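All values reported here derive from a predicted model rather than from experimental measurement. Naming: A, B, ... by sequence-line order, numbering from 1 per chain.
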Amino acid sequence: GFAFPDWAYKPESSPGSRQIQLWHFILELLQKEEYRDVIAWQGDYGEFVIKDPDEVARLWGMRKCKPHMNYDKLSRALRYYYNKRILHKTKGKRFTYKFNFSKLILVNYPVWDMAPSPLLTGANHYHPSLLQA
DNA sequence: TCCGGAAGGC
DNA sequence: GCCTTCCGGA
């Protein structure tokens, strides 16, 4: 057994809702270079900055078919991740959050080294077998 | 801006 | 369960 957080094993859709999860969507944007001006890894490992909150909200709204989505509402959803230990806020840094990656993940799993990787693009990204390594 | 309670949808 | 919507408060 390895010390990956439980949520890291979850596939695209959770068993119950079968809907895209926000944290997964965020990772999806982060791995694509075309969104570098919208959201990007920055600072410490696992830390990312939302450079264009309105655009991230718009894209999230598109995905969820919620045309009235905005950053106020999206950020409330992000705040619910605090107790779940998926995310926390980087205090003092505007629009900056940090994934609760353990160092173990980064050491044992270089593909998650905060850079866009072809391994993570495509339908099978985050497949559990990929994480077993 | 950021926080977290409350209500409610699906 | 996972948000979406709304909002008072810091």
Side-chain angles (χ1 to χ4, degrees):
Chain A
F2 265 127
F4 292 116
D6 292 344
W7 57 265
Y9 289 97
K10 291 180 184 172
E12 170 105 22
S13 55
S14 81
S17 61
R18 207 169 285 116
Q19 277 265 329
I20 176 80
Q21 317 250 140
L22 179 55
W23 66 264
H24 198 288
F25 178 76
I26 296 289
L27 285 177
E28 192 178 300
L29 293 185
L30 282 167
Q31 82 191 32
K32 296 185 180 179
E33 218 160 318
E34 53 186 300
Y35 297 113
R36 277 285 161 80
D37 294 333
V38 174
I39 187 172
W41 299 114
Q42 196 163 106
D44 203 357
Y45 278 145
E47 206 170 85
F48 63 94
V49 182
I50 297 172
K51 298 179 180 178
D52 189 342
D54 292 340
E55 180 63 5
V56 172
R58 195 187 67 80
L59 292 167
W60 175 234
M62 301 250 76
R63 179 65 68 91
K64 288 290 291 287
C65 301
K66 293 286 179 181
H68 301 299
M69 181 52 57
N70 59 33
Y71 181 68
D72 180 60
K73 295 179 217 174
L74 186 151
S75 62
R76 181 68 189 93
L78 291 180
R79 267 173 251 133
Y80 273 124
Y81 286 147
Y82 298 171
N83 283 339
K84 296 181 183 177
R85 316 194 91 203
I86 292 174
L87 273 189
H88 61 84
K89 188 73 180 66
T90 301
K91 291 170 186 174
K93 290 187 181 177
R94 206 156 156 254
F95 304 129
T96 301
Y97 300 82
K98 188 175 174 180
F99 276 100
N100 184 29
F101 293 137
S102 71
K103 290 205 168 178
L104 239 160
I105 292 180
L106 296 171
V107 169
N108 291 339
Y109 206 66
V111 77
W112 277 35
D113 198 17
M114 303 304 118
S117 163
L119 283 175
L120 295 177
T121 63
N124 290 332
H125 59 271
Y126 306 122
H127 190 279
S129 66
L130 205 67
L131 296 170
Q132 294 294 349

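Between A:N100 and A:W23, every side-chain heavy-atom pair lies at or beyond the 4.5 Å cut-off.
A straight line from CG of A:N83 to C1' of C:dC2 spans 14 Å, rounded to a whole angstrom. B:dC3 atom C1' lies 10 Å from atom NZ of A:K91, rounded to whole Å. A:W23 has its CH2 atom 10 Å from the P atom of C:dC3, to the nearest Å. Between the C1' atom of C:dC3 and the NE2 atom of A:H24 lies a distance of 16 Å, rounded to the nearest Å.
Judged purely by atom type and a 3.5 angstrom limit, A:K89 uses its side chain to pair as donor or acceptor with the backbone of A:T96. Panel note: side chain A:K66, backbone A:W60; no donor-acceptor pair is recorded below 3.5 Å. In this structure, the side chain of A:K73 engages the main chain of A:H68 through a donor-acceptor pair within 3.5 Å.
Within residues 67-80 of chain A, the residues having any heavy atom under 4.0 Å from DNA chain B are, by residue number, A:Y71, A:R76, A:R79, A:Y80.
Contact check, A:K66 against C:dC3: no side-chain N or O comes under 4.0 Å of OP1 or OP2. Between A:Q21 and C:dC3 there is a side-chain N or O to OP1 or OP2 distance below 4.0 Å. Of the side-chain N and O atoms in A:K64, none sit less than 4.0 angstrom from OP1 or OP2 of C:dC2.
A:F25 comes within 4.0 angstrom of no nucleic acid atom, judged by non-hydrogen atoms across all strands.
Considering only the side chain of A:Y81, C:dC3 comes nearest among C:dT4, B:dC3, C:dC3.
Closest of all the heavy-atom pairs between A:G61 and A:M69 is CA-CB, 3.7 Å.
Remark: aromatic rings of A:Y97 and A:Y81 are distant, center separation not under 6.0 Å.
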